[in-house]
Amino acid sequence: MGSHTGRLTTHVLDTAHGKPGRGISVHLYRPHAHGRTLISSRLTNADGRCDQPLLEADAMESGTYELDFDIGTYFAALGTDLPEPAFLNIVTLRFAIADANAHYHVPLVCTPWSYSTYRGS
């Protein structure tokens, strides 16, 4: 196998409260024709980041991935007034990695009512 040097990281920013999203479950999947395969799971720290990359070194392969962020549980735990069911619960971001030797940073900026992402650094 090759010796890839890339890594995949993430970061959650709660713009409704103006702070990092702490304690959010993040799951990384590899989609395929019959569903998807779980690759890694993490919990965000006090800075809204994961302590370890979601992918790194030879685990980093080009292709399509999905990140699931459990923001519904996060906002409910903060006591946010949410309808039942919440408008946003699990936010899924589908993205692709083209260069397994690059750093891909895929942040989630969210509120209980909206979200966005970008390729960070």
Side-chain angles (χ1 to χ4, degrees):
M1 187 162 242
S3 57
H4 297 141
T5 59
R7 63 191 164 111
L8 171 65
T9 57
T10 191
H11 188 192
V12 182
L13 297 168
D14 170 358
T15 55
H17 298 96
K19 63 182 187 176
R22 178 184 193 158
I24 297 174
S25 293
V26 179
H27 302 286
L28 177 68
Y29 295 90
R30 185 84 186 247
H32 49 79
H34 303 287
R36 58 190 193 161
T37 301
L38 179 65
I39 304 295
S40 63
S41 296
R42 303 283 188 271
L43 198 62
T44 58
N45 61 24
D47 193 36
R49 300 175 187 274
C50 299
D51 290 333
Q52 299 293 323
L54 293 156
L55 285 174
E56 64 183 327
D58 285 342
M60 185 83 166
E61 297 178 359
S62 62
T64 301
Y65 293 87
E66 291 178 351
L67 273 173
D68 280 3
F69 296 87
D70 184 0
I71 66 167
T73 299
Y74 165 78
F75 283 114
L78 289 179
T80 307
D81 186 20
L82 300 171
E84 184 58 43
F87 179 68
L88 294 174
N89 187 22
I90 304 294
V91 170
T92 302
L93 302 178
R94 181 177 275 207
F95 62 97
I97 292 174
D99 180 358
N101 292 310
H103 178 199
Y104 283 76
H105 185 66
V106 183
L108 180 72
V109 179
C110 62
T111 77
W113 312 106
S114 64
Y115 66 90
S116 66
T117 192
Y118 56 94
R119 179 165 177 200
S121 58

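Here the structure is a predicted model, which is why all the values come from computation and not from measurement.
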(message) Please report the interatomic distance CD1(I24) to OH(Y74), rounded to the nearest 0.5 Å.
(response) 5.5 Å
(request) Flag the pair L54 / I39 as yes when at least one side-chain heavy-atom distance between them is below 4.5 Å, and no otherwise. (result) no
(message) Counting only heavy atoms not in F87 (residues, nucleotides, ligands), do more than 12 fall under 6.0 Å from its CZ?
(response) no
(request) Please name all residues satisfying salt bridge (charged side-chain N to carboxylate O under 4.0 Å, His left out) with D47, sequence neighbours left out, ordered by chain then number. (result) R49
(request) Give, for atom OG1 of T73 and atom CD1 of I90, the distance between the pair rounded to the nearest 0.5 Å. (result) 6.0 Å
(request) Return the minimal non-hydrogen interatomic distance between T10 and C50, and the atom names on each side. (result) CG2-SG, 3.8 Å
(request) Tell me who clusters with V109, hydrophobic residues only, linked when side chains sit under 4.5 Å apart either directly or through other members. (result) L13, Y118
(request) Please check if any side-chain donor atom of S121 sits under 3.5 Å from a side-chain acceptor atom of H105, or the reverse. (result) no
(message) Restricting to non-hydrogen atoms, name the atom on G48 and the atom on P20 that form the minimum distance, rounded to 0.1 Å.
(response) N-CB, 3.5 Å
Ignoring hydrogens and angles, write down the donor-acceptor pairs under 3.5 Å from the side chains of residues 75-84, residues two or more places apart or on other chains.
from	atom 1	to	atom 2	distance (Å)
T80	OG1	F75	O	2.9

(message) Give me each pair satisfying salt bridge (Lys or Arg N to Asp or Glu O under 4.0 Å) with a member in residues 109-121, each pair once, sequence neighbours excluded.
(response) none
(message) Would you compute the distance between atom OG of S41 and atom CG of L28 and round it to the nearest 0.5 angstrom?
(response) 8.5 Å
(message) I want to check something: taking the side chain as every heavy atom from C-beta on, are C110 and V12 in contact at a cut-off of under 4.5 Å?
(response) yes
(message) Listing request: all salt bridge (Lys or Arg N to Asp or Glu O under 4.0 Å) pairs with a residue in residues 12-39, at least two apart in sequence or in separate chains.
(response) R30-E61, R36-E66, R36-D68
(request) Measure the OG-CG distance between S40 and L67 for me, rounded to the nearest 0.5 Å. (result) 8.0 Å
(message) In the structure I gave you, are the side-chain heavy atoms of I71 and N89 within less than 4.5 Å of one another anywhere?
(response) no
(message) Nearest 0.5 angstrom please: I97 CD1 to L55 CG, how far?
(response) 5.5 Å
(message) Quick check: do P53 and T9 have side-chain heavy atoms less than 4.5 Å from each other?
(response) yes
(message) What I'd like to find out is whether the side chain of T117 reaches to under 4.5 Å of the side chain of F69, using heavy atoms alone.
(response) no
(request) Any pair with a residue in residues 98-117 that passes salt bridge (Lys or Arg N to Asp or Glu O under 4.0 Å), sequence neighbours left out, goes on the list, sorted by first then second residue, please. (result) none
